[in-house]
Structures are given as structure tokens and as C-alpha cells.
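Structure, as C-alpha cells:
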Amino acid sequence: MENETTQNLLPQNRPNPDCRTQEGLELKSFRLGLHWFCLDQSSLWKVSLSWSLFFVLAIGSPIVSHFLLLCSDCDKQHQRPYDALVQLSLSSFAAISFVSLSSWARKYGIRKFLFLDKLCDVSDKVRRGYAEELQKSMKLLCVFVLPCFALEGAYRIWWYATGPSQIPYFGNMIASDIIACALQLGSWLYRTSIFILACIFYQLTCHLQILRLEDFAQVFQKETEVSSILAEHLRIRRNLRIISHRFRLFLLLSLVLVTASQFFALLLTTRTTATVNIYEIGELALCSISLVTGLFICLRSATKITHRAQAITSLAAKWHVCATINTFDEVDGETPTTQIASPRMYPPEVDWESDEEDGSDDLDNTKLVPIFAHTVSFQKRQALVNYLEHNRAGITVFGFMVDRTGIHTIFGIELALLLWLLNKTIVNLT
């Protein structure tokens, strides 16, 4: 199945030259990332390798690390009272992400899952934007994972270097510590990276639809039939429903488990018998940062695409108002049934070119829409606006729309919990 990523991403049987695969759209970075994480399940032995690596790094290594290297008899700097929560949280998210990625790859394939087979139906601008997003996707993975991994690596090296006589070992002490440290770091990197990778997959699918919505907004800037506007909007709505259906369980479980992990961390660190210092709580803080980062990647993408999709309604209403005002300047009280000539697009006293930019995009701005020489009838425009008002598009999770109101509430809760934990860490550090 993954072998299809080595082929051209766009169909070859179409004569349209715009449908030819661009070099930037090749999934080189994705194939490399999937091979590194052993997520390529295109053959039986690769499936076995993928699941074996998952059980070793996401389940086996954390269990061994927790029960054999807990070091409850060590000094306070080397004890790990919050290790159970850290290992359980990371392994849970790794399991959710691994099962989701495996299911998506087996059922759809990377090409279909990322909507690359639909790029022939979009403009060159959308294809170029999606190509750029694909190229920097693995860079984003490194940006989100490597800083925390560097801190985790520094902590592990310090932990083994300063407490060799207290930490349990088998056989040769130095060799045992090196192997244990490498396994723990590999397990941490694997579990964190696979969760962030699943979040980046979600961000990519949302970004393509955002590009399509921005391109779709241009139909109100030129002469367009209502039927073509409606058809394109229905295609975008269908894609949004597909995305919502594919990711709904992943998003819901991520939100619930991140919140539960943060609350458990709050309860454990506020006990009267709890001793909080940078050595004990530092690893828990890194775990919380990684999980909350992944959740915010998903929620931000979902909220952004919902906002853009719903902005189409206001844009269509503005288009309808501008066309109606322009049309009824010469037709008094009668709905026109023929195409009306518009010698003037805007009132002459209005300055549409301003030196002060508002930073808005085509979907959400305060500029009036130009009226061209031939415009559609009032009834068709009104019907389109009514349709958009009663059929709002966006990302949903089991029927609940992910909009800015919800994201603000979730963001406040998660950020408050995370900042409280970081405050405990920093205060005890100083």
C-alpha cells in the first residue's frame, strides 16, 4: 500500500498538464519518516516489524524501566515518584496514534488519506501551497520534538552519571547503564514522535481544505454561476465530513486523555506528602508540554478550518448585498430577470484603496465585492445565501462543531494546568 507513494501522486491518465506531479509533492519526507518509525506496513514482514517495534518501545521498555529502575531507595534527586504517570501517559498516546496511523494507512493509503488524489480538481495555487506544506511537515515534527528530547536526554545522562552506585544494574554497571539509557531515550522519542506525527497528519489534511476555501473565496470576485458555487461548496463540505469522520475518535481520545493526565499531575503534586523539585517533576513537565503541544496542533487546525468555512457565509452575504445595491440603482422595486449592465462598480465617494492594511485574508475582510457587467438574479443569490446560512461547514467531533468558543475554553483549561505545573517546577528550581 505504501508503495503507491513512490508513484506519481496525481493520476497519469488525465491529459491535463496541470495534473502532473510536481517534484515538491513527492512524499519523500513522509516515506522517510514512516520508514524511520517503522510505520510502513506494505508487506507482511514490515507489519511484523512495525508491531514488534511498537511493543518493545511503547510497552515493553516503559514497563521494564518503571519496575526495575524506579530507584525507590535512591536519594531524593534520583527518585521518580511521578514515573508511573509519565510512562502511562506517553504509552497511551503512542498506542492511540499507532493504531490510528496503521488503520489509516491500511484502509486509505497515504496518497488517498492526504487527499493527494484530489489535487487534479484544484488550482495551481492550491497545489503549490500544499506542496510547500508537505515539504515543511517533517521540519515541524523536528521543531516540536527535538527541544524536549534534548532536555530529556540531558536529564537521563545526568541521572545515570550521578547515581551509578544507587541505580540497579545487571552485569557490567557501565554497559548496563548505557543500554538502559539508550532504551529509555529511544522509547521516549518513539512515543512522543508518533503522537506528534499523527497530529501533523491531521494538520496537513486541514491545511489542504483551508487552501481550497481561500481559493473558493475568489468565485465571489468574478462572474460565476450559482450552480458552480454550490457544487464547489458541496465538494468542500464532503471533504470536511470525511476529515471529521476519520479523526473524530483520535481527537476525542486525545482531548480526554490530555486533560486527565494534567488533572492527575495536579492531584499528585498537590498532596501534603508530595515533595516537588526539578529532579522529580522535570520529566513530568516535559511529558505535559509534549502532549499539550500535540493537542493544540489538532485543535488549532480544526478551529482554523471551521472559521474559514463559516466565513464563506458572510462573504456570500456581502456579495449578495453589493450586487443587489448595484442592480437596484436603476431598477426600482422590481426583481430583474435579465442581465443588468453595471457601468460603475462602486460609489465614487468611497476610497477602496487604503494605505492602511488590516491584515485580513480573502475570506474575512471588510472590502466590498466588485460587481461585474453580468450578474445572477436576485432569487438565485438569495437562495445561495440561505443555503450557506443553514448549512454551516466545519470540523465536527461526533456532531459537535469545533469552533473558537470551544477552543478558547479548552485552551484556558489546558494552559492553566500546564502553567501551574511549570510554575511548580520553576519555583522549586530557583
Under the 3.5 angstrom rule, does the side chain of S290 hit a backbone N or O of L286 as a donor-acceptor pair? yes
I'd like to know if the side chain of R106 pairs up with that of S102 as donor and acceptor (distance under 3.5 Å, no hydrogens or angles considered). no
Between F98 and W51, what is the ring plane arrangement, given parallel below 30°, perpendicular above 60°, and tilted in between? perpendicular
When the ring centroid of Y190 is compared with that of F55, is the distance short of 6.0 Å? no
Can you find a pair of side-chain heavy atoms, one from F195 and one from I96, that are under 4.5 Å apart? no
Please identify which of these residues, V226, L230, V385, meets the side-chain contact (heavy atoms from CB on, under 4.5 Å) condition with K380. V226
Output side-chain donor-acceptor pairs under 3.5 Å for residues 138-154, partner residues at least two apart or in another chain, one line each.
unit_1 : atom_1 : unit_2 : atom_2 : d
E152   : OE2    : R156   : NE     : 3.1

Note: F296 and L415 closest approach over all heavy atoms is CZ-N, 4.5 Å
Let me confirm one number: the SG-CZ distance from C298 to F250, rounded to the nearest 0.5 Å. 5.0 Å
Taking the six-membered ring of F201 as reference, does the cationic atom of R246 (NZ for Lys, CZ for Arg) lie under 6.0 Å from its centre and within 45° of its axis? no
Is the CZ atom of F398 crowded by more than 12 outside heavy atoms at less than 6.0 Å? yes
W188 and L185: side-chain contact (heavy atoms from CB on, under 4.5 Å), yes or no, with the steps? CA-CA 5 Å; W188 193 95; L185 289 178; 5.5 Å; no
Quick check for you: to the nearest 0.5 Å, what is the distance between H307 atom NE2 and I210 atom CD1? 10.5 Å
Derivation and outcome, side-chain contact (heavy atoms from CB on, under 4.5 Å), residues L114 and L208: CA-CA 8 Å; L114 295 177; L208 175 59; over 6 Å; no
Got a donor-acceptor contact below 3.5 angstrom from the S137 side chain to the L134 backbone? yes
Rounded at 0.5 Å granularity, tell me how far OG1 in T162 sits from CD1 in I157. 11.5 Å
Rounded at 0.5 Å granularity, tell me how far OG1 in T192 sits from CZ in F93. 11.0 Å
What residues, two or more places apart in sequence or in another chain, satisfy side chain to side chain donor-acceptor pair (under 3.5 Å) together with S97? none
Polar contact flag, side-chain donor to acceptor under 3.5 angstrom, Q184-S61: no
Is a donor from one side chain sitting under 3.5 angstrom from an acceptor on the other, for T396 and R248? no
Between S92 and L88, is any pair of side-chain heavy atoms under 4.5 Å apart? yes
Pair D215 + R212: basic N to acidic O under 4.0 Å: no
Counting neighbours of CD1 on I174 that are heavy atoms of other residues, nucleotides or ligands and sit closer than 6.0 Å, is the number greater than 12? no
What distance do H207 atom NE2 and E132 atom CD have between them, rounded to the nearest 0.5 Å? 8.0 Å
For F264, I'd like to know if atom CZ has over 12 heavy atoms of other residues, nucleotides or ligands within 6.0 Å. no
